[in-house]
Visitor: 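First the structure, which I've put down as structure tokens, then a few questions once you've had a look.
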Amino acid sequence: MAAYDTRLFHRLAGVLVTASLVLATSSIARAETTRTTTTTTAAAAAAAAEAEHVVPAQGGAYDVPLHAGAVCILSFPDEMAMKALTTSAEYDVRAWGDDGVAVRALKSSSKPATLALATASGSVKVNVTLRVVPAAQPALTLIRFKAEATERAAAERLDAAVAHRTAELGAEVERLEAAVDTRARARAGERIAAQLLERHAEVELGAHGRNDEHVIVHVRRGVLLGDDGYMLFEIENRSRAPYRLATVEVRAGGKRISGAVALTASSAAPEAGAIGIVAAGARRAGVVAIPEVDDVLGDKLRLTLAGPDGQGAIVISSGLVLR
Amino acid sequence: MKSLAAIAIAAALVGAAGGAARADAYELTARFGPEAGVTRLADAASPDTAQVWTGGLAAGLSYGVTNLVALDAELAGGTCGEARYADVTVDIGGTTQPAGTLTRTTRYGRALVGASLRLGVRVIPTLGFAVGVGTRVGGAGAFSNADVMGIQPDDDAAGAGLELLAGARAGLDVRFDAHWIAGATVAATRAWPSDGAAADALTAQLHVAYAWYP
């Protein structure tokens, strides 16, 4: 059973890690595709002198700073309509494969010049302004133009794929969680059954305590279940303010012996660090576990309930003996 | 005294119960304090009753059956002021005396059990009833007229007598913390002596109490 649970845990962890990676990848892809037409990545501008532009269907105009003598490649997503290319005395403009154009400023005194470019399919139409800048200023050596429609379609396909995979992973997580719940419930049931067979007894207690704010604790009975013990208590709040329960502990001979604590649910959600809240005028039942109760059977126990920072402590030091 | 009886009956009718509220459910409370009041005493030597002041001490225990109802037990004792009966004729030395005044001082004790209704948590109005037995120990009578002064009559009714008691009471307690309580109670009690007419008493008590879970 333990090996099965370990495999199940590893499987669940793997699914969660995969889901995280897919979601992270999706986020990155979305960030890439949603850049505006004028956005240049900081890394490209600062280091590689590259730029990337997503061009709307209607076309766009872009400034291309060049260093004199340096080649700048204008890259397009598909085949270019090369008939527009012309070389002047100031700029050398040539085809760079089927889907690119290489431009070079021939002189540092070259005047700005415009260049109309388009792909053969018409998906990208741009008007670039070539401009020579001093060597001290940043210039571009590579510009990628992408069609907005193509990018949007790719993003939509990616979104759909991510959504599909996320849904699959979500379903897998739910299935595994349900399996874990089922196994946990089954294991709890098996343990309770074993404890019932070992020992189950109810112990009448009848101890009470209160604090100065008229919050009263009644401990009417305990339960011996297998090798564990439980002390059932009720908090009766006769004050005019809510009672915030933060700690419940049972001690025997000064040694803390209590374990888990539970309080019946209420409409008021407890704040962090609190076990629960008992509204003014209300009663709530609770239980505190005493693991390995055999060690303290017959001992005089001391039950302490307190709020945050020990406020409103209620101590019951008599009448608490489990036997 | 009819008014005292009316108070008692009214308290009983509204379900009021004995001693003051001094405990919540499962709590045991011990109380102690002085009491003072006024009562009417009858005497075998006179057809009339005499109204006298009373003063004494009371102690009691209460156990909270619920947060609303407690069971009470009380012991009290004290003394009554000098009762004066006018126009009394007695024999002294076998001779019937002309009418005069008979005076007598009486001590009392009582044991009551009852129940109380508690109507609060920190400030606790209380209503209750109690029944029990009492005793009155009459001192020697002193007869005076124009001829004699302070002479005990021949067939003086000095001595102890038992009586049945029933009463109602109302009070107010204030709880200071988990243990300490103080309060006051006013009680109207009717006594039925074994050898005389019923007598009424109105008593006020102050008390300090200590509560704990036994």
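In what follows, chains are A, B, ... by sequence order, proteins preceding strands, each numbered from 1.
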Visitor: Table please: side-chain donor-acceptor pairs of residues 152-168 of chain B below 3.5 Å, with sequence neighbours left out.
Guide:
{"unit_1": "Gln152(B)", "atom_1": "NE2", "unit_2": "Asp156(B)", "atom_2": "OD2", "d": "3.0"}
{"unit_1": "Asp154(B)", "atom_1": "OD1", "unit_2": "Gly93(B)", "atom_2": "N", "d": "2.9"}
{"unit_1": "Asp154(B)", "atom_1": "OD2", "unit_2": "Gly93(B)", "atom_2": "N", "d": "3.0"}
{"unit_1": "Asp154(B)", "atom_1": "OD2", "unit_2": "Gly94(B)", "atom_2": "N", "d": "2.8"}
{"unit_1": "Asp156(B)", "atom_1": "OD1", "unit_2": "Arg104(B)", "atom_2": "NH1", "d": "2.9"}
{"unit_1": "Asp156(B)", "atom_1": "OD1", "unit_2": "Arg104(B)", "atom_2": "NH2", "d": "2.7"}
{"unit_1": "Asp156(B)", "atom_1": "OD2", "unit_2": "Arg104(B)", "atom_2": "NH1", "d": "3.1"}
{"unit_1": "Asp156(B)", "atom_1": "OD2", "unit_2": "Gly141(B)", "atom_2": "N", "d": "2.7"}
{"unit_1": "Glu163(B)", "atom_1": "OE1", "unit_2": "Arg136(B)", "atom_2": "NE", "d": "3.0"}
{"unit_1": "Glu163(B)", "atom_1": "OE2", "unit_2": "Arg136(B)", "atom_2": "NE", "d": "3.1"}

Visitor: Tell me, side chain or backbone of Ile216(A) under 4.5 Å from chain B's heavy atoms, or both, or neither?
Guide: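 Answer is side chain: those atoms of Ile216(A) sit under 4.5 Å from chain B.
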Visitor: Among all residues two or more places apart in sequence or in another chain, which pass the side-chain hydrogen bond (donor to acceptor under 3.5 Å, both in side chains) test with Arg84(B)?
Guide: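 Expected list: none.
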Visitor: Look at atom CH2 of Trp192(B) and say whether more than 12 heavy atoms of other residues, nucleotides or ligands are closer to it than 6.0 Å.
Guide: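 Result for CH2/Trp192(B): enclosed.
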Visitor: Between chain B and chain A, identify every pair of one donor and one acceptor N or O atom lying under 3.5 Å apart.
Guide:
{"unit_1": "Asp24(B)", "atom_1": "OD1", "unit_2": "Arg238(A)", "atom_2": "NH1", "d": "2.9"}
{"unit_1": "Asp24(B)", "atom_1": "OD2", "unit_2": "Arg210(A)", "atom_2": "NH1", "d": "2.9"}
{"unit_1": "Asp24(B)", "atom_1": "OD2", "unit_2": "Arg210(A)", "atom_2": "NH2", "d": "3.3"}
{"unit_1": "Asp24(B)", "atom_1": "OD2", "unit_2": "Arg238(A)", "atom_2": "NH1", "d": "2.7"}
{"unit_1": "Tyr26(B)", "atom_1": "OH", "unit_2": "Arg220(A)", "atom_2": "NH2", "d": "3.4"}
{"unit_1": "Glu27(B)", "atom_1": "OE1", "unit_2": "Arg210(A)", "atom_2": "NH1", "d": "3.4"}
{"unit_1": "Glu27(B)", "atom_1": "OE2", "unit_2": "Arg210(A)", "atom_2": "NH1", "d": "3.4"}
{"unit_1": "Asn67(B)", "atom_1": "ND2", "unit_2": "Glu236(A)", "atom_2": "OE2", "d": "2.4"}
{"unit_1": "Ala178(B)", "atom_1": "N", "unit_2": "Asp212(A)", "atom_2": "OD1", "d": "2.9"}

Visitor: Using the side-chain hydrogen bond (donor to acceptor under 3.5 Å, both in side chains) criterion, which residues pair with Glu35(B)? Sequence neighbours excluded.
Guide: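 For Glu35(B), the residues satisfying side-chain hydrogen bond (donor to acceptor under 3.5 Å, both in side chains) (neighbours in sequence not counted) are Tyr108(B), Arg110(B), Gln205(B).
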